[in-house]
2 protein chains.
Amino acid sequence: MEEGLRERKKRETRRRISDMATGLFLMRGFDQVTVAEVARAADVSVNTVFNYFGTKEDLFLDRQADLEEIYRGIVRDRRPGESVVDAFRRDFLDALDTGDWRYGFHEGAEVWGRVVAESTALRARTLEIERQVMACVAAAIAEEVDADPEDVRPELVAEQILSTTRLLSRHALRRRAAGESPRETEAWLREQAGVLFGLLESGVGGYGRRPLVVAEDGEAAGDEEDDDVEGDHGRP
Amino acid sequence: MEEGLRERKKRETRRRISDMATGLFLMRGFDQVTVAEVARAADVSVNTVFNYFGTKEDLFLDRQADLEEIYRGIVRDRRPGESVVDAFRRDFLDALDTGDWRYGFHEGAEVWGRVVAESTALRARTLEIERQVMACVAAAIAEEVDADPEDVRPELVAEQILSTTRLLSRHALRRRAAGESPRETEAWLREQAGVLFGLLESGVGGYGRRPLVVAEDGEAAGDEEDDDVEGDHGRP
DNA sequence: CCACAATTTTGGAGTGACTGCAAGTTGGGT
DNA sequence: ACCCAACTTGCAGTCACTCCAAAATTGTGG
């Protein structure tokens, strides 16, 4: 098991294919590059490409396994006094500091984001991956709180948290793509992370509540702009 | 514009193609039916099929426009005193009563769900549709509360609500597919809708909080089973 | 009823992802 | 050196989907 020549070659080949592919995709766009071209660039046959990667999309998106492992760790290793939401918020803010690839803050993320956004196939695969990661996080949470298999709450919590981070990442990419500077985007993200995670914690129950009594005949049903999410959930 | 012969024929053709397609898909599964077969069954050429439907998946899933309109209505027509979450909960419970198709409670929904679940292409398209519907709901909410275009909260609220209903539908389909009776599933759904929407309202902030002091050396970090989500959001 | 234009349908010839198979080629153990 | 297993390759084929130009159909004005 000393890492034979065979194993090394396999790893190298896989790597070479993946690198050539991502390079071409980033340069010319996903749909503008054929698998045959990738194969030629990596100096292998088309069949070999499909031997290593199940689909063309996987050539660009094959971090799913890593993601699942990392997220499992976040849930498992949360600190004393931390809820699951707390743990993910901390991780998100840390990632913001370190320019982690997961949330799309790293160098060149705008290009990557643009390539994904422009290809329906890649967008679809991204969603599917997110779904699977969600299921994985839900399982991790369920295991941690030792929940009944019938209990749906872990899934809900996972879904809520991941939609929050996904939302933040998406806006980050959009802003960077629109030409905003990394500094500005980071500041904005830090602020919005506070808002959104706060909303997550305290609940969205009151959002957009329509007033019981129509005001003075002025506007129909406007909301206060500043603090329209209150803690009261009682319904009359 | 008296509904000429031409328009009627077009509508009929489209309908015929769609019906034949869904029939075949439900009977034999999405991947086991080719577009050519659908075309033959509908007595048109393959090109005509693609003339009416952009992709094979759209032959099975073309309610998106309806969905968006309905959801817009739910947001717009919420009653006095109702928050957005309230409005969607009410709609969900109503749908449960009426066997509405949107959440997969109608007759034959298990078959439909199985067909979708078995095809990666259909699953992917479903996710993409859900994403677009989400964006639409977010826009509706933003418009209703007259939010700043920069404000991300409407998107978060939309995402949260729709993941809740989606979660409920998914479990409903799974249970029906597993052979549970409609009655049982409905009862379960009604109960879970209460739990999940409640969690949405009051926030998931405390979920899975790890205790500050490890208990007595018994188990490591278990949670109370009944009410592990409290209203306190303060972090120590 | 007859051109004539607009629209729809169709056939045919691609392209590109992906599969299955049979025939090489290569690495590792004997 | 020899063999087996794993890996690679070429080839033929399927299927979704596109582009284009030639019918076929429908609506319109004389």
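Throughout, a chain's letter reflects where its sequence line sits, starting with A, and its residues are numbered from 1.
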Query raised in the report: How is V49(B) classified with respect to the nucleic acid when contacts are heavy atoms under 4.0 Å: base, sugar-phosphate, or nothing?
Result: nothing
Query raised in the report: With respect to the phosphate group of dT25(D), does any side-chain polar atom (N or O) of K9(B) fall under 4.0 Å of OP1 or OP2?
Result: no
In whole angstroms, the gap separating P of dA16(D) from CZ of F53(B) amounts to 15 Å
Side-chain-base donor-acceptor pair under 3.5 Å for N47(B) and dG12(C)
yes
note: F60(A), atom CZ; dA17(C), atom P; distance rounded to Å ~ 15 Å
_Between E186(B) and R190(B), does any NZ, NE, NH1 or NH2 come within less than 4.0 Å of an OD or OE carboxylate oxygen?_
yes
Check your understanding: Between E144(B) and R76(B), does at least one N-O distance fall below 4.0 Å, as a salt bridge requires?
Key -> no
Here the distance between atom P of dG29(C) and atom CZ of R6(A), to the nearest Å, is 9 Å
Scan Y52(A) against the nucleic acid and name what it touches under 4.0 Å (heavy atoms): base, sugar-phosphate only, or nothing. sugar-phosphate
Whole-Å distance, Q32(B) CD to dC15(D) P, equals 11 Å
message: Under 4.0 Å from OP1 or OP2 of dG16(C): is there any side-chain N or O of T34(A) that close?
response: no
Can any side-chain N or O of S119(B) pair as donor or acceptor with the backbone N or O of V116(B) at less than 3.5 Å? no
Rounded to whole Å, the CG-C1' distance (D31(A) to dT15(C)) equals 13 Å
Between CD of E57(A) and C1' of dG16(C) the distance, given in whole Å, is 12 Å
| message | Mind checking if V33(B) touches a base, just sugar-phosphate, or nothing, with heavy atoms under 4.0 Å? | response | sugar-phosphate
Rounded to whole Å, CG of L59(B) lies from C1' of dA16(D) at a distance of 11 Å
Taken to the nearest whole Å, CZ/F50(B) to C1'/dT9(C) is 15 Å
* When we call it a touch if two heavy atoms are under 4.0 Å apart, what does V46(B) touch: a base, just sugar-phosphate, or nothing? -> nothing
Between K10(A) and dA6(D), is there a contact of a side-chain N or O with OP1 or OP2 at under 4.0 Å?
no
| request: Name the orientation class of the two ring planes belonging to F60(B) and F30(B) (parallel below 30°, tilted from 30 to 60°, perpendicular beyond 60°). | output: tilted
